Structure formats: C-alpha cells, structure tokens
Amino acid sequence: MNRTSRRAQPVLALSACLGLALVLSACGGKEEKPAEDKPAEKQPEPEPEPDTTPAEPRFDLSGPKPPETSSVVFAVDGALAPMACFDKDKGALAAGADCAALVAEGSEVYMEDSYGKKSLDKTLAGNKDSTCGDKGALPTAELDGGANYDWGVWPKSLGGDFTQIDPDTWSDRGARLEDAEQEAVLAAITKVRNVKGEFQSKQKAATDVDGDGKDDVFISAIMLNPNDPDTYLFSGLFMAPGGDMANLVLLDRAKKGADVIRLRGTVDLDGDGKRELWTGITFDGGDGNRMMKLGDKPEALGKWTCGA
C-alpha cells in the first residue's frame with residue numbers, strides 16, 4: 001500500500017463519522033438522548049350540573065299525641081271528611097260528626113297523598129260537603145283552591161306516625177302471591193263461601209300493626225264469577241298476623257258484585273300501641289274509605305265515605 005492510500009484512511013474515517021450523526025460515540029462524541037415527552041397537563045374537573053329538583057318541604061310536626069290529646073283521621077275529597085277519631089275526654093274511638101267537632105277553626109292539619117306530596121294547612125270556619133257528598137267535612141284554603149291529597153290527620157303531630165301503604169302493593173306485580181300463600185287464601189275463602197271461580201290477588205302488603213316487631217301480611221283477593229267475569233263470587237281483605245298464613249283473619253268483605261277492598265294505611269289513633277287500619281274500597285265509578293279497629297273481632301269505625 002502506498003503513502004497516499006494510508007493517508008486517505010483517516011480522512012475517510014473522519015468523513016464517515018461526520019456523515020453518521022446517530023453514531024457519535026464512534027467518533028469520540030457524546031450520545032444525545034432523545035427528548036422526553038412532557039406529561040399531559042391535568043384538565044380541571046367539569047363543574048357538576050346544578051340540582052334543579054325542588055327541595056322536599058320540611059314541616060314542624062311536633063306536639064302532643066294520643067292519648068294526651070284527641071285525634072282525627074280524614075279522607076281528603078275536596079275537604080277533610082272525618083273517618084274516625086279518638087275523643088280524649090271520653091277515652092274512646094268514634095266516627096261521624098262527633099269527630100269534626102273536635103277540631104277547632106284554625107287548627108293545623110297535615111295532609112299527604114299516596115305518592116308523597118305533603119302539606120300543612122289550617123282548617124277554615126264551618127263545615128261543607130265533600131266532593132262526593134259526605135256531610136260535615138272541614139274546609140281548608142288549599143283544598144278550596146283545588147289541591148288534591150288522599151289523607152289528613154289532626155293534630156299535625158300524628159302525621160309523623162302515619163304509615164302509608166305503597167300503591168305498588170296493589171299493582172299486578174306487587175299483588176302476586178307465592179303458591180303456598182294462594183293455597184292458604186283459597187282455603188280461607190272456602191270457609192266463608194264455598195264457590196268455584198278464577199282466583200285473583202288484588203293486593204299483598206306487609207306492615208307491623210301490633211308493635212310486636214313482626215310484619216303482619218294483608219291480602220286482598222277476589223273470586224271471579226265464571227258466568228259473568230264483571231262480577232265476583234267473593235271479594236275480601238285478609239290479614240295473616242305475624243305473617244302466619246295458617247291463621248288468616250277475614251277483616252272485611254265486599255257486599256257488592258265488583259267491589260275490591262285494600263289496605264291503604266295504618267295509624268295509632270288512641271295511643272294504645274295498636275294501629276287502626278285505613279281501608280279503601282273501589283267500585284264501579286268511584287271509591288270510598290273508612291277506618292277499622294282490630295281486636296278480638298275486626299270492627300269498622302263508621303260507614304264508607306262517598307256512600308260506597
């Protein structure tokens with residue numbers, strides 16, 4: 001090899017180094033590190049949408065309760081129609097016009113409907129007829145203005161202790177019975193009236209009415225007339241104390257062909273620890289309400305409202 005070729009070797013090596021920037025270490029240079037990606041900046045959390053749901057009204061329901069005071073429970077039908085009451089002076093439950101007389105003008109009454117709408121209002125002077133014609137009902141400004149509720153109580157302190165039964169219990173789904181329950185109700189109907197027809201359950205509800213810590217079960221049932229599906233061979237409301245289906249008690253029985261009786265609520269009117277029952281009856285073209293007292297034998301307190 002001649003001198004020229006030997007001198008050319010370093011020049012060629014240097015050219016190679018200059019042409020290959022990615023291999024600087026071969027030329028004695030320092031390797032450059034690739035630039036690191038910067039972490040993405042954290043975006044601020046979006047502001048929550050404002051809650052536009054109206055706040056549930058809160059009422060002062062403090063005050064004396066039975067037996068320290070008299071009490072009245074009303075069906076609401078354009079006015080307060082008394083269903084039953086406790087007269088402190090007499091120490092007894094009652095019904096009718098005597099109940100309205102316990103409530104002075106300007107008394108605060110608590111009202112509610114089956115879907116949770118609530119109100120606190122004051123009674124006005126005098127009496128009026130309810131929408132369906134019940135005599136001796138009490139007016140309030142809100143009801144005179146067209147407001148609708150299902151029940152009311154006086155004094156207002158009784159409102160916090162009122163148990164309202166969920167309307168879903170008388171829906172097709174809510175009223176469904178287990179096979180053993182249906183057999184027990186059918187057997188109970190047979191003891192009252194031995195008839196053959198299509199059995200249907202119209203309500204199944206559970207609530208403790210005697211304070212023993214066990215739910216009592218209430219079942220409304222009918223037996224369709226096979227010759228006339230628009231009429232019933234039997235229609236009644238049963239109670240299974242403590243849920244014991246072998247010990248069903250017939251609370252009430254419809255007297256007309258297509259009426260259905262349901263449990264709508266419970267309240268301890270006289271403060272004895274046992275709750276009275278608010279029952280409702282539906283009939284062709286309307287419905288009525290009344291209260292029942294439980295004891296050795298179930299007893300209706302007064303007549304059905306609306307002439308049911």
Side-chain angles (χ1 to χ4, degrees), residues 73 75 83 112-116 150-151 161-225 229-268 274-284 287-294 297-300 304 308:
V73 60
M83 290 188 287
E112 193 168 325
D113 74 4
S114 296
Y115 297 93
D150 291 326
W151 58 271
D161 296 334
F162 196 102
T163 297
Q164 186 168 264
I165 301 301
D166 189 342
D168 187 56
T169 62
W170 54 78
S171 69
D172 290 342
R173 178 177 59 84
R176 191 176 300 125
L177 302 181
E178 297 177 2
D179 290 345
E181 293 171 330
Q182 180 170 322
E183 290 176 7
V185 177
L186 278 169
I189 292 175
T190 301
K191 291 179 181 179
V192 179
R193 188 179 183 191
N194 191 6
V195 292
K196 300 293 183 181
E198 180 186 342
F199 174 89
Q200 289 185 5
S201 175
K202 293 295 185 179
Q203 182 186 32
K204 178 184 175 182
T207 185
D208 183 7
V209 297
D210 57 8
D212 65 354
K214 298 179 181 178
D215 276 348
D216 306 288
V217 177
F218 295 82
I219 296 174
S220 173
I222 64 169
M223 193 75 76
L224 285 172
N225 186 342
D230 292 331
T231 62
Y232 308 147
L233 297 173
F234 173 88
S235 176
L237 178 65
F238 292 92
M239 180 181 78
D244 183 4
M245 299 301 296
N247 191 26
L248 283 168
V249 177
L250 179 62
L251 297 176
D252 206 355
R253 178 181 173 186
K255 302 298 190 293
K256 299 178 184 178
D259 298 352
V260 175
I261 303 174
R262 300 183 179 96
L263 178 68
R264 300 196 65 187
T266 69
V267 62
D268 185 359
K274 296 181 180 180
R275 305 177 77 84
E276 282 65 55
L277 309 180
W278 168 33
T279 57
I281 187 169
T282 57
F283 53 89
D284 186 17
D287 60 78
N289 300 275
R290 72 178 176 189
M291 299 295 295
M292 296 195 71
K293 176 184 178 181
L294 293 175
K297 184 179 180 181
E299 175 187 355
W304 290 109

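For the single chain, residues carry numbers from 1 onward in sequence order. None of these values were measured; they are calculated from a predicted model.
For the pair L294/L251, a side-chain contact is recorded, criterion being any heavy-atom separation below 4.5 Å from C-beta on. Within the 4.5 Å cutoff, the side chain of D268 has no heavy atoms near those of the D161 side chain. The shortest side-chain heavy-atom distance between Y232 and L224 falls under the 4.5 Å cut-off. T207 places a side-chain heavy atom less than 4.5 Å from the side chain of F218. Between V73 and W278 the shortest side-chain heavy-atom distance does not fall below 4.5 Å. A 4.5 Å side-chain heavy-atom check between R193 and M223 finds every atom pair outside the cut-off. Annotation: side chain of W170 is not in contact with side chain of V260 (no heavy-atom distance under 4.5 Å). No side-chain heavy atom of E112 sits less than 4.5 Å from a side-chain heavy atom of F162.
Separation of atoms CD (E276) and CE (M83) is listed at 11.5 Å; rounding is to 0.5 Å. Summarising the geometry, atom CG belonging to D252 is positioned 10.0 Å from atom CG belonging to L277; distances are rounded to the nearest 0.5 Å. To the nearest 0.5 Å, atoms CD (E181) and CZ (R176) are separated by 12.0 Å. Considering NZ of K202 and CG of L177, their distance stands at 12.0 Å, rounded to 0.5 Å. Note that OG1 of T266 and CG of D210 are 11.0 Å apart. Values are rounded to the nearest 0.5 Å. Considering CD1 of I281 and CZ of R262, their distance stands at 10.0 Å, rounded to 0.5 Å.
Put simply, the side chain of D216 gets close to the backbone of G242: a donor and an acceptor are under 3.5 Å apart. Between the side chain of D150 and the backbone N or O of S114, at least one donor-acceptor pair lies under 3.5 Å. The closest donor-acceptor contact from the side chain of Q164 to the backbone of D113 lies under 3.5 Å.
Nearest heavy atom pair, residue A205 against residue Q203, reads CB-NE2, 4.0 Å. Of all non-hydrogen atoms in I261 and A254, the two that sit nearest each other are CD1-N, 3.5 Å. Contact record, G288 with F283: N-CE2, 3.9 Å, taken as the closest heavy-atom pair. The minimum heavy-atom distance linking G243 with V217 is given by the pair CA-CG2, 3.8 Å. Across all non-hydrogen atoms, the minimal contact from A221 to V185 is CB-CG1, 3.8 Å. When all heavy atoms are compared, the tightest approach of G265 to L263 is O-CD1, 3.6 Å.
Listed by chain and number, the residues in a salt bridge (Lys or Arg N to Asp or Glu O under 4.0 Å) with K293 amount to none (sequence neighbours excluded). Under the rule for a side chain to side chain donor-acceptor pair (under 3.5 Å), D287 has no partner lying at least two apart in sequence or in another chain.
V195 pairs with exactly one of T190, L233, N225 by the side chain to side chain contact (heavy atoms under 4.5 Å, CB included) rule, that one being L233. Screening T169, N289, T279 against R264 for a side chain to side chain donor-acceptor pair (under 3.5 Å) leaves a single residue, N289.
For the residue pair D259 and S235, no side-chain donor N or O sits within less than 3.5 Å of a side-chain acceptor on the partner.
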side-chain contact (heavy atoms from CB on, under 4.5 Å) for V267 and M291? Distances and angles first, verdict last.
CA-CA 10 Å; V267 62; M291 299 295 295; 3.9 Å; yes
